[in-house]
Protein chains: 2
Amino acid sequence: MLLTSPTPTTPVAGPSAGDLTRDPLTFGVGARVTASVMADDYVDVLTRALAEVSTDGLVLSTGDVSTYVGGSETDLLRYLTDLGAALAATGHHVTLTVHLSRGCPGEVVCERPGGAGPRGASVPPTRTTGRLAAAEWALYPLADAAPAVGPDGAAPPEPDHMRDIYAAIDHARELGTFRGSEHFVTRLEGDLGDVLATAVAGWVLVGRSVQHVTSHLQVSLNSPNHAAPAGATDGAIDGEVVR
Amino acid sequence: MLLTSPTPTTPVAGPSAGDLTRDPLTFGVGARVTASVMADDYVDVLTRALAEVSTDGLVLSTGDVSTYVGGSETDLLRYLTDLGAALAATGHHVTLTVHLSRGCPGEVVCERPGGAGPRGASVPPTRTTGRLAAAEWALYPLADAAPAVGPDGAAPPEPDHMRDIYAAIDHARELGTFRGSEHFVTRLEGDLGDVLATAVAGWVLVGRSVQHVTSHLQVSLNSPNHAAPAGATDGAIDGEVVR
């Protein structure tokens, strides 16, 4: 928590700003993931699904509330897509809660890499899974001041949330996942791979001009309500209960 | 999503700033809640639990990803506590995902109540449930500029994130729920009522000097791992799988 506490950025001895943004773990690029399977044998279902998912290039620490996954944006999206697809393939109703973070490796007090500035990263490749997902997305640019030094020591781009946020929206429209807005979130629908890629891409795109960016994505797989017309995105489907 | 897009605050015709902060719905006080029950008959379990929970004073809109609940901080905490307690009482492993927001009733573009400033609210009363919860908490103060006018038209307090964030930490310590920090989140444990109250109180306390504050809380109930010693909060419990 408290990732946004405005701790004065203190210069970091040793690695250069470029080093700080280049290494995903040093820069605090990672996710916390909670997968909930609506089944009596959820432990077995999860264990079997996880056995299919490669963790190459990632650091994992599993807990009773969520699992921390640290690594590059591309490895994170691959892991999330593979995990979601493996769970969707079970046919069970599954919820995936994904909390992405970058630029704030600190904990109770956010200790940013001194002068690291934003991390320029490519939008990771998307994998189509053939599985429908509905999701709600929140994206939080948390740093506003222009960093002293950008990636590789170059002058960083001027911070411009709206530019990057509109780029994130445009990317969502290109992926065909954007369904509009609801209270506090944006509604996404489409192939699971595209839905996850939308959130990761938005987080990466905003991260090009903002050092510390978090994003929260709540995904529903195999919901009994996904037989509802694709247009029914107003969050008020008859007969629904809390999912 | 995009709650943090820095839309210029435009004066609002009609209601005064005091009115904008006084009414919870006008100010955008609410939550999105997803409850996941690890059981084959999850729909029946949820339906029965929801039937026990009062929605007095709240506006609800239920969807296939989450349910929006709007209303005062006190009514929201009562609803969350009653819902969590009813689900915990089923004995099933349940995950609750709670996304709190205040001060940004807009949607794709955050349209803050013009000059509303922060909403001063009391820390809601806590109800002890007798149910153990483990949770991970993130708190995001999203507005920094001093508002033109504070609650009731009075001059607002000077924004001071650290003061309020430390107040939130102190409150968590008083409630005995604070367990330390993990990547991107704070670990909370204790009675479900205290864990929920910790997140709501932190959100309210930071909201006294920051207009737009969101908080994300991931709660685990009846986890098979909660037999683990209370000290085991390092998120790396042997034999765990993604929850």
Side-chain angles (χ1 to χ4, degrees), chain A residues 1-6 30 32-40 42-43 46-47 50 61-68 70 93 95 97 99 101 107-108 134-142 161-162 165 181-186 214 216 218 220 223 225-226 228 235-237 240-243, chain B residues 1-6 30 32-40 42-43 46-47 50 61-68 70 93 95 97 99 101 107-108 134-142 161-162 165 181-186 214 216 218 220 223-226 235-237 240-243:
Chain A
M1 179 181 80
L2 311 181
L3 300 181
T4 59
S5 38
R32 301 201 71 97
V33 183
T34 299
S36 300
V37 178
M38 278 18 97
D40 293 345
Y42 65 95
V43 173
L46 282 164
T47 304
L50 287 165
S61 172
T62 302
D64 61 335
V65 176
S66 72
T67 289
Y68 161 76
H93 177 38
T95 62
T97 307
H99 169 178
S101 185
E107 295 181 341
V108 167
E136 292 172 350
W137 182 27
L139 178 60
Y140 303 123
L142 296 170
H161 293 177
M162 289 311 290
I165 280 173
S181 59
E182 299 182 8
H183 292 284
F184 320 142
V185 295
T186 290
T214 68
H216 290 252
Q218 183 69 27
S220 176
S223 167
N225 301 88
H226 290 170
I237 297 167
E240 254 293 1
V241 293
V242 176
R243 285 288 181 277
Chain B
M1 179 180 81
L2 313 180
L3 299 181
T4 59
S5 37
R32 300 200 72 97
V33 183
T34 299
S36 300
V37 178
M38 278 17 98
D40 293 344
Y42 65 95
V43 174
L46 281 164
T47 305
L50 288 166
S61 172
T62 302
D64 61 336
V65 176
S66 72
T67 289
Y68 161 76
H93 177 38
T95 61
T97 307
H99 169 179
S101 185
E107 294 180 343
V108 166
E136 292 171 351
W137 182 28
L139 179 61
Y140 303 123
L142 296 170
H161 292 178
M162 289 312 290
I165 280 175
S181 59
E182 299 183 6
H183 291 286
F184 320 142
V185 295
T186 289
T214 69
H216 290 253
Q218 183 69 28
S220 177
S223 167
N225 301 87
H226 291 169
I237 297 166
E240 254 293 359
V241 294
V242 177
R243 284 288 179 278

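Convention: sequence-line order gives letters A, B, ...; per-chain numbering from 1.
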### Task
Write down the atom of B/Ser220, the atom of A/Asp64, and the distance for their closest heavy-atom approach.
OG-O, 3.5 Å
### Task
Write down the atom of A/Met38, the atom of B/Val37, and the distance for their closest heavy-atom approach.
SD-O, 3.2 Å
### Message
Testing the basics here: between B/His183 and A/Arg32, what is the closest heavy-atom pair and its distance to 0.1 Å?
### Response
O-NH1, 3.0 Å
### Task
Please examine the side chains of B/Thr214 and A/Tyr140, heavy atoms only from C-beta on, and report whether any two atoms are closer than 4.5 Å.
yes
#### Entry: Atom pair NE2 (A/His216) and CD (B/Gln218), whose distance is rounded to the nearest 0.5 Å
10.0 Å
#### Entry: Atom of A/Gly30, atom of B/Phe184 and distance for their closest heavy-atom approach
C-CE1, 3.5 Å
### Query
Do B/Ser66 and A/Glu136 get their side chains close enough for a donor-acceptor pair, meaning under 3.5 Å?
yes
### Task
Give the minimum heavy-atom separation between A/Ala39 and B/Asp40, together with the two atoms involved.
CA-OD1, 3.2 Å
## Note on the structure
In short, B/Ser36 meets A/Thr95 closest at the heavy-atom pair OG-OG1, 2.8 Å
### Query
Do A/Tyr42 and B/His93 come within less than 4.5 Å of each other through their side chains, counting heavy atoms only?
yes
